[in-house]
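Atom set for the values below is all heavy atoms of this structure, side chains included, hydrogens, waters and symmetry mates excluded. Every chain is numbered from 1 and lettered A, B, ... according to where its sequence line falls, protein lines coming before strand lines.
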There are 2 protein chains.
Amino acid sequence: MAEREAERSVSQTVHAQLALRELIVSGGLRPGERISELQAVEVTGVSRTPVRMALVRLEEEGLLEAIPSGGFMVKAFSERDILDSIELRGTLEGLAARFAAERGVSSRDLEPLKQCLDEIDGLVRQEPISMEAFSSYVALNARFHVLLAELSRSPPLIRQIDRASALPFASPSGFVMAQSALPEARQILLIAQDHHRVVVDAIENREGARAEAIMREHARLAARNLRLALRNRTHLDLLPALALISTG
Amino acid sequence: MAEREAERSVSQTVHAQLALRELIVSGGLRPGERISELQAVEVTGVSRTPVRMALVRLEEEGLLEAIPSGGFMVKAFSERDILDSIELRGTLEGLAARFAAERGVSSRDLEPLKQCLDEIDGLVRQEPISMEAFSSYVALNARFHVLLAELSRSPPLIRQIDRASALPFASPSGFVMAQSALPEARQILLIAQDHHRVVVDAIENREGARAEAIMREHARLAARNLRLALRNRTHLDLLPALALISTG
DNA sequence: TTTGCACCAAATGTATACATAAAGTATCCA
DNA sequence: TGGATACTTTATGTATACATTTGGTGCAAA
């Protein structure tokens with residue numbers, strides 16, 4: 001064992017799950033393509049049992065789909081599936097924002113969110129925005145959404161948001177944003193940043209309904225942008241678009 | 001093999017999953033109690049491998065929780081967890097209702113829903129309502145909710161609703177409703193029935209916002225009723241209350 | 001040439017064997 | 001008598017062996 005040097009502390013199953021997810025998300029396997037256990041064993045370097053566990057978990061996670069005759073394939077999503085997932089996530093996050101507002105979070109709780117937004121500000125203020133800054137934005141934005149979900153203090157809701165995010169957040173890894181799209185991307189990022197600030201403000205002022213409405217509107221806008229980007233794919237390809245919009 | 005007579009057509013894994021879920025949901029294992037693989041093997045009659053698969057799936061489903069030192073335990077939910085889950089489900093179903101309305105379902109699509117409601121009408125019209133009628137109601141009500149979710153034609157949303165329902169719908173199996181609570185239960189059922197009819201009507205008339213609002217309100221009311229029932233548990237115990245309210 | 005049947009190969013589902021870590025117990029020392 | 005340590009036992013995590021089913025290929029017959 002331990003033929004692959006690293007990842008020694010985590011269980012084989014977790015290691016396999018991470019490795020396979022990376023493989024799927026990075027596009028190493030096409031949607032609809034079958035993923036054989038033998039292949040998974042070779043990729044992960046662990047035996048069939050933990051690989052199998054990882055496959056089951058990835059199926060439950062929504063990245064794989066069971067083939068009736070046996071085995072798993074990479075799940076394929078339609079354009080509408082993705083748009084729906086964005087709105088779905090927005091709806092859940094709206095609920096989270098409302099819970100946070102209604103349950104009275106302290107200023108201390110909001111501090112990490114504000115700090116996160118400040119960091120994003122530092123990134124998007126650059127003109128033109130750099131490729132590295134954009135990548136950092138994606139990571140920071142994901143963190144903001146996680147923090148917001150946790151602010152609801154509702155384990156069931158956090159859990160659901162986590163699952164709902166699997167699809168929209170699945171794409172960024174390994175994508176390449178076209179240089180020419182960066183200015184347009186920056187504009188969208190600025191708007192998203194505005195929304196986020198308003199949400200935090202609403203939560204701070206205990207305005208649950210407003211907080212919820214903003215998050216939902218935010219998601220609807222993101223879905224609309226993606227729809228437009230997909231219609232005239234002049235410089236936005238599917239994956240970059242996802243990375244750009246769905247993480248807004 | 002095939003020592004246990006039935007269930008021959010489904011895979012061992014699925015059989016184990018169903019058997020273990022039944023065990024958990026029926027209260028055969030207390031929340032927080034550890035579920036050993038050996039025990040699971042004895043209960044299901046299959047070997048450790050499929051049992052293990054089933055345990056992983058049940059964990060992803062939210063009924064089990066992994067113990068850091070190894071193995072699984074029955075997940076314990078707080079009162080707030082359950083209330084949140086109800087509202088969560090209502091929110092998702094509201095989205096489903098809106099999707100259904102906006103995407104223009106045909107009258108043919110609505111037929112099964114109406115038929116389902118008519119059957120429920122036949123049950124709750126009895127005065128006093130019988131125990132059998134109440135049990136039938138629970139099953140029919142679950143069917144209505146499934147049909148409504150499917151009406152959204154959104155696989156990601158249907159999937160999420162399915163997961164969100166795991167908790168609220170987990171309780172009915174094997175519960176016993178107190179005879180004395182039946183009249184009160186009937187009143188709540190009648191209100192729920194009203195809500196359901198309004199939702200179907202809103203969908204039919206393409207009023208997405210209204211359809212969504214009703215479903216959310218419906219869930220909030222259910223949560224409120226449950227909260228009241230839990231406060232003065234004179235004749236409503238936790239499980240019956242869940243069965244009653246959360247399936248409303 | 002095409003269709004159908006049979007056989008073969010490969011991959012999945014299942015069972016079990018093995019290793020490691022955790023928990024419980026007993027014994028010994030303070 | 002109480003606590004700590006070592007040992008034993010048990011249960012989980014992993015690896016592998018076995019069986020069954022699926023899919024493909026080849027041969028034969030129409």
Side-chain angles (χ1 to χ4, degrees), chain A residues 1-21 23-24 28-61 63-75, chain B residues 1-21 23-24 28-61 63-75:
Chain A
M1 219 168 305
E3 294 165 1
R4 324 263 157 161
E5 62 290 340
E7 305 287 345
R8 202 180 287 234
S9 58
V10 298
S11 77
Q12 310 280 60
T13 298
V14 172
H15 167 67
Q17 190 177 354
L18 293 175
L20 291 175
R21 174 157 44 201
L23 182 69
I24 297 164
L29 269 65
R30 303 250 159 210
E33 193 171 341
R34 188 198 194 100
I35 176 171
S36 76
E37 288 185 7
L38 179 62
Q39 177 186 16
V41 165
E42 285 169 357
V43 168
T44 61
V46 302
S47 80
R48 277 187 63 206
T49 304
V51 155
R52 195 150 244 284
M53 295 296 200
L55 291 175
V56 168
R57 291 202 127 99
L58 289 169
E59 184 206 349
E60 297 284 339
E61 204 172 310
L63 265 57
L64 294 179
E65 191 176 348
I67 301 172
S69 64
F72 299 93
M73 55 178 256
V74 179
K75 202 160 176 176
Chain B
M1 222 166 302
E3 295 164 1
R4 324 261 158 162
E5 63 290 342
E7 306 285 346
R8 201 179 289 231
S9 58
V10 299
S11 77
Q12 309 280 62
T13 298
V14 172
H15 168 68
Q17 190 177 354
L18 294 175
L20 290 176
R21 174 157 45 201
L23 181 68
I24 297 164
L29 269 66
R30 303 249 160 212
E33 192 172 342
R34 187 197 196 103
I35 176 171
S36 76
E37 288 184 8
L38 179 63
Q39 177 186 15
V41 165
E42 285 170 356
V43 168
T44 60
V46 303
S47 79
R48 276 185 65 206
T49 303
V51 155
R52 197 149 241 285
M53 297 294 208
L55 290 175
V56 169
R57 290 203 127 97
L58 289 169
E59 184 205 349
E60 297 286 339
E61 203 172 311
L63 264 57
L64 293 180
E65 193 177 347
I67 301 172
S69 65
F72 299 93
M73 54 176 258
V74 179
K75 201 158 175 177

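C:dG13 atom P lies 10 Å from atom CD of A:Glu59, rounded to whole Å. Summarising the geometry, the separation between CZ on A:Arg52 and P on D:dG13 is reported as 17 Å, rounded to the nearest angstrom. Rounding to whole angstrom units, CE of residue A:Met73 and P of C:dT12 are separated by 14 Å. We find that CD of A:Glu42 is positioned 17 Å from C1' of D:dA15, with the value rounded to whole Å. Atom CD of B:Glu37 and atom P of D:dT14 are 11 Å apart (whole Å). Rounded to a whole Å, the CG atom of A:Leu38 is 13 Å from the P atom of D:dT16. Residue B:His15 contributes atom NE2, which lies 11 Å from atom P of C:dT14 at whole-angstrom precision.
A search for salt bridge (charged side-chain N to carboxylate O under 4.0 Å, His left out) contacts involving A:Arg34 returns nothing, not counting sequence neighbours. A search for side chain to side chain contact (heavy atoms under 4.5 Å, CB included) contacts involving A:Met73 returns A:Glu65, A:Ile67, not counting sequence neighbours. In this structure A:Ala19 satisfies the side chain to side chain contact (heavy atoms under 4.5 Å, CB included) test together with A:Thr44, sequence neighbours excluded. Not a single salt bridge (charged side-chain N to carboxylate O under 4.0 Å, His left out) links B:Glu33 to another residue, sequence neighbours left out. Every residue meeting the salt bridge (charged side-chain N to carboxylate O under 4.0 Å, His left out) condition with B:Arg57, not counting sequence neighbours, appears here in chain and number order: A:Glu59, A:Glu60.
Put simply, the side chain of A:Thr49 and the base of D:dT16 share a donor and an acceptor less than 3.5 Å apart.
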May I have the step-by-step check of side chain to side chain contact (heavy atoms under 4.5 Å, CB included) for B:Val74 and B:Leu64, ending in yes or no?
CA-CA 5 Å; B:Val74 179; B:Leu64 293 180; 4.3 Å; yes
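Phosphate contact (OP1/OP2 of C:dA15, side-chain N/O of B:Gln12, threshold under 4.0 Å): present.
Taking the nucleotide of DNA chain D with the nearest heavy atom to each of A:Met53 and A:Gly70, the more 5' of the two is matched to A:Met53.
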One character per nucleotide, please: for nucleotides 17-25 of chain C, 5' to 3', B when the base has a protein heavy atom closer than 4.0 Å, S when only the sugar-phosphate does, - otherwise.
B----SS--
